[in-house]
Amino acid sequence: MDKNVKVGDTVEVVYQLETPRGSKEEVARGVVDQISEESITISSEESFIFLAREKVKFIRVV
């Protein structure tokens with residue numbers, strides 16, 4: 001995870017999504033609303049995404 005990511009940044013996140021058929025990688029793009037030790041919350045025009053930190057594979061400022 002990019003250490004320079006902060007609230008208000010526009011980011012791209014690659015994260016692990018668990019499905020009935022197994023796990024797959026998804027990519028989300030949005031603005032960081034909240035960062036804590038356990039999770040990160042990102043909002044885009046369509047929705048909010050709440051991710052547990054262990055699910056995040058990669059995050060970078062775009």
Side-chain angles (χ1 to χ4, degrees):
M1 181 163 143
D2 189 336
K3 301 283 186 249
N4 300 324
V5 172
K6 57 192 179 302
V7 172
D9 284 347
T10 299
V11 295
E12 192 170 77
V13 182
V14 176
Y15 63 98
Q16 200 74 19
L17 181 66
E18 301 300 324
T19 68
R21 293 183 171 174
S23 60
K24 64 178 185 174
E25 284 187 359
E26 289 283 317
V27 179
R29 197 177 192 138
V31 177
V32 177
D33 275 344
Q34 190 174 345
I35 298 176
S36 72
E37 289 299 316
E38 299 84 34
S39 65
I40 183 165
T41 307
I42 297 164
S43 66
S44 66
E45 292 170 9
E46 306 88 45
S47 62
F48 280 97
I49 299 171
F50 175 82
L51 295 169
R53 284 229 187 219
E54 67 269 8
K55 300 284 185 196
V56 175
K57 292 213 156 198
F58 186 77
I59 183 169
R60 69 183 172 107
V61 178
V62 291

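The figures that follow rest on heavy atoms only: side chains count, while hydrogens, waters and symmetry mates do not. All residue numbers in this chain count up from 1 along the given sequence.
- Cluster membership check: Leu17 shares its hydrophobic cluster with Val11, using side-chain heavy-atom separations under 4.5 Å among Ile, Leu, Val, Met, Phe, Trp and Tyr.
- A 4.5 Å side-chain heavy-atom check between Ile40 and Ile59 finds at least one atom pair inside the cut-off.
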Using the rule given for side chain to side chain contact (heavy atoms under 4.5 Å, CB included), can you reason through Lys6 versus Val32, listing the C-alpha separation, both sets of side-chain angles and the distance that settles it, and then say yes or no?
CA-CA 7 Å; Lys6 57 192 179 302; Val32 177; over 6 Å; no
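- Every residue was checked against the salt bridge (charged side-chain N to carboxylate O under 4.0 Å, His left out) condition with Glu38, not counting sequence neighbours, and none meets it.
- A distance of 4.5 Å separates CZ of Arg60 from CD of Glu12, quoted to the nearest 0.5 Å.
- Phe48 contributes atom CZ, which lies 10.0 Å from atom CD of Gln34 (distance to the nearest 0.5 angstrom).
- The minimum heavy-atom distance linking Ala28 with Ile49 is given by the pair CB-CD1, 3.4 Å.
- Contacts of Glu26 classified as salt bridge (charged side-chain N to carboxylate O under 4.0 Å, His left out), with partners at least two apart in sequence or in another chain: Lys24.
- Taking hydrophobic clusters as Ile, Leu, Val, Met, Phe, Trp and Tyr residues chained together by side-chain heavy-atom distances below 4.5 Å, Val61 shares a cluster with Tyr15.
- Under the rule for a salt bridge (charged side-chain N to carboxylate O under 4.0 Å, His left out), Glu46 has no partner lying at least two apart in sequence or in another chain.
- A single hydrophobic cluster is not seen to contain both Leu51 and Val31; linkage of ILVMFWY side chains at heavy-atom distances under 4.5 Å, directly or through other members, places them apart.
- With hydrogens and angles ignored, the 3.5 Å screen pairs a side-chain donor or acceptor of Arg53 with a backbone N or O of Ser36.
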